[in-house]
There are 2 protein chains.
Amino acid sequence: MAGRRSAAEARDTRAKILRRAADVASADGLEGLTIGRLASELDMSKAGVIGQFGSKEELQLATLALAAEIFRGRVWEPVEHLPAGLPRLLAVCESWTRYAKKPPFPGGCFIAAASFEFDGRSGRVHDELAKVVKRWRKTLAAEVETAVRAGELGADTDPDQVAFSLEALAAGANPARQLHGDTSAASWSLRAMHAVLGVPAPKAA
Amino acid sequence: MAGRRSAAEARDTRAKILRRAADVASADGLEGLTIGRLASELDMSKAGVIGQFGSKEELQLATLALAAEIFRGRVWEPVEHLPAGLPRLLAVCESWTRYAKKPPFPGGCFIAAASFEFDGRSGRVHDELAKVVKRWRKTLAAEVETAVRAGELGADTDPDQVAFSLEALAAGANPARQLHGDTSAASWSLRAMHAVLGVPAPKAA
DNA sequence: CCTACCGATCGGTAGG
DNA sequence: CCTACCGATCGGTAGG
């Protein structure tokens, strides 16, 4: 036991490491993620952890890729089948808000936290993060464009402006919930998103 | 030379350390702030740096206090003299946006970054940060209430909802500018804040 | 505010 | 994927 493993076992181990890495990084940041801590929490050796990835940076990139995949699975995939334009955009707001309210990681939305953590740095993690977020923004902006063409949103709507606003409002739910314990954070977030899209908010809660 | 210093010299040194600490922490986080790095950048010994504060946590708290003071000086104080309510609220949006566009620290707004960095942790830095942000939210919400009483905002306006939205939109300018290099981040932010306050945006840019 | 030092932990490697 | 190990750096202290 404890020697080299089969390819299938190695894949399992890799997945186990990444799950835990995402949990840790969601709370303590991608930089606060350390190989030694991961090893002890997983009852593995440091060499066993890092051997799967080669370097901490590769581990960070793989963790980011997992988080992006989970985000997509929880926010985009559930609404993908809906008609493009405003209906799907509103559904995204809802799945996004649900995601922010019950995040898959203990520290909340990983992407939002990492965006603020790495915005001032340089390197591959910064670059990859920028790519991931830009892709999501483009998805949102394209949806806004469709809604404008369908006449569901005003002709003077700026898709990039709307995409920026939605993202900022979604991200804001994170510190609101976790820093201040605001239980209404998700509902604030959703109502503000609705307002951006010109959907009237129901009176009171 | 290099022995004990007078009280006045010690104060100067303390201020110099904190300035640099805020610069470093704005880019690399309050946790990424290390005593050794600070010492070498300031051409001091580690003992000289930490001796002023006693522990890293105290240094983090002092850095946060400085950042909060600078924020207040750049965002609130310039508009404090204006009439309370919507006029002052709009002026806050402008000074806030200016602040986000030309931040006093290389890594952008310190408070926003720290909020996302520490929202999932516990301890004195988390608690103090929560206090600082809550104080600011209360200032905003009070201003909204004044505007509602003056009839400048609709009677069904929820002050906490508005405060949340403004803060999220201001914070969002940070990763937009630094992660994606969006030069329009500040203007997106301002226009979205205006929309929240029911102020019509000027057509196009 | 300095020198000199402490134990702990960092990322990572050699070799099996 | 483990043991055993590397140099570098971490936060912090003693003592002047």
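Mapping A:G48 and B:G36 onto DNA chain D by nearest heavy atom places A:G48 closer to the 5' end of the strand. Residue order along DNA chain C, read from the 5' end via each residue's closest nucleotide, puts B:D43 first among B:D43 and A:I35.
The base of C:dG11 sits within donor-acceptor range of the side chain of A:K46, with an N or O pair under 3.5 Å.
In this structure, A:L59 reaches neither bases nor backbone, as no heavy-atom distance under 4.0 Å exists between it and the strands shown. Within 4.0 Å (heavy atoms only), A:L33 reaches sugar-phosphate atoms of the nucleic acid but no base atom.
When Watson-Crick and G-U wobble pairs are counted only if both distances are under 3.5 Å, D:dC10 pairs with C:dG7. Nucleotide D:dG15 forms a Watson-Crick or G-U wobble pair with C:dC2, both donor-acceptor distances falling under 3.5 Å.
Remark: B:T13 is in phosphate contact with C:dC1, judged by side-chain N or O atoms under 4.0 Å from OP1 or OP2. Put simply, B:S45 has no side-chain N or O that comes within less than 4.0 Å of OP1 or OP2 on C:dC1.
Comparing D:dC1, C:dC1, C:dG12 against the side chain of A:K56 picks out C:dG12 as the nearest. Taking every side-chain heavy atom of A:T34 into account, C:dG11 is the closest of C:dT3, C:dG11, D:dC1.
Within the model, atoms CG of B:L33 and NZ of B:K56 stand 6.0 Å from one another, a figure rounded to the nearest 0.5 Å.
D:dG11 atom P lies 8 Å from atom CD1 of B:I50, rounded to whole Å. If you take CD of B:Q52 and C1' of D:dG12, they are 16 Å apart, rounded to a whole angstrom. Residue B:D28 contributes atom CG, which lies 18 Å from atom P of C:dC10 at whole-angstrom precision. Spacing between atom CG of B:L38 and atom P of D:dC10 amounts to 11 Å, rounded to whole angstrom units. When the P atom of D:dC10 is taken as reference, atom CD of B:E57 falls 19 Å away, rounded to whole Å. Rounded to a whole Å, the CD1 atom of A:I17 is 14 Å from the P atom of C:dG11. Rounded to a whole Å, the CZ atom of A:F53 is 15 Å from the P atom of C:dT13. Atom CD in A:E9 sits roughly 12 Å away from atom P in D:dC2 (whole-Å rounding).
Aromatic rings of A:W76 and A:W96 (six-membered ring for Trp) have centroids beyond the 6.0 Å cut-off, not under it.
Atom CZ of A:R72 sits in a sparse spot, with 12 or fewer heavy atoms from other residues, nucleotides or ligands closer than 6.0 Å. Annotation: B:R88, atom CZ; neighbour count of heavy atoms from other residues, nucleotides and ligands within 6.0 Å is above 12. Other residues, nucleotides and ligands contribute over 12 non-hydrogen atoms within 6.0 Å of the CZ atom of A:R121.
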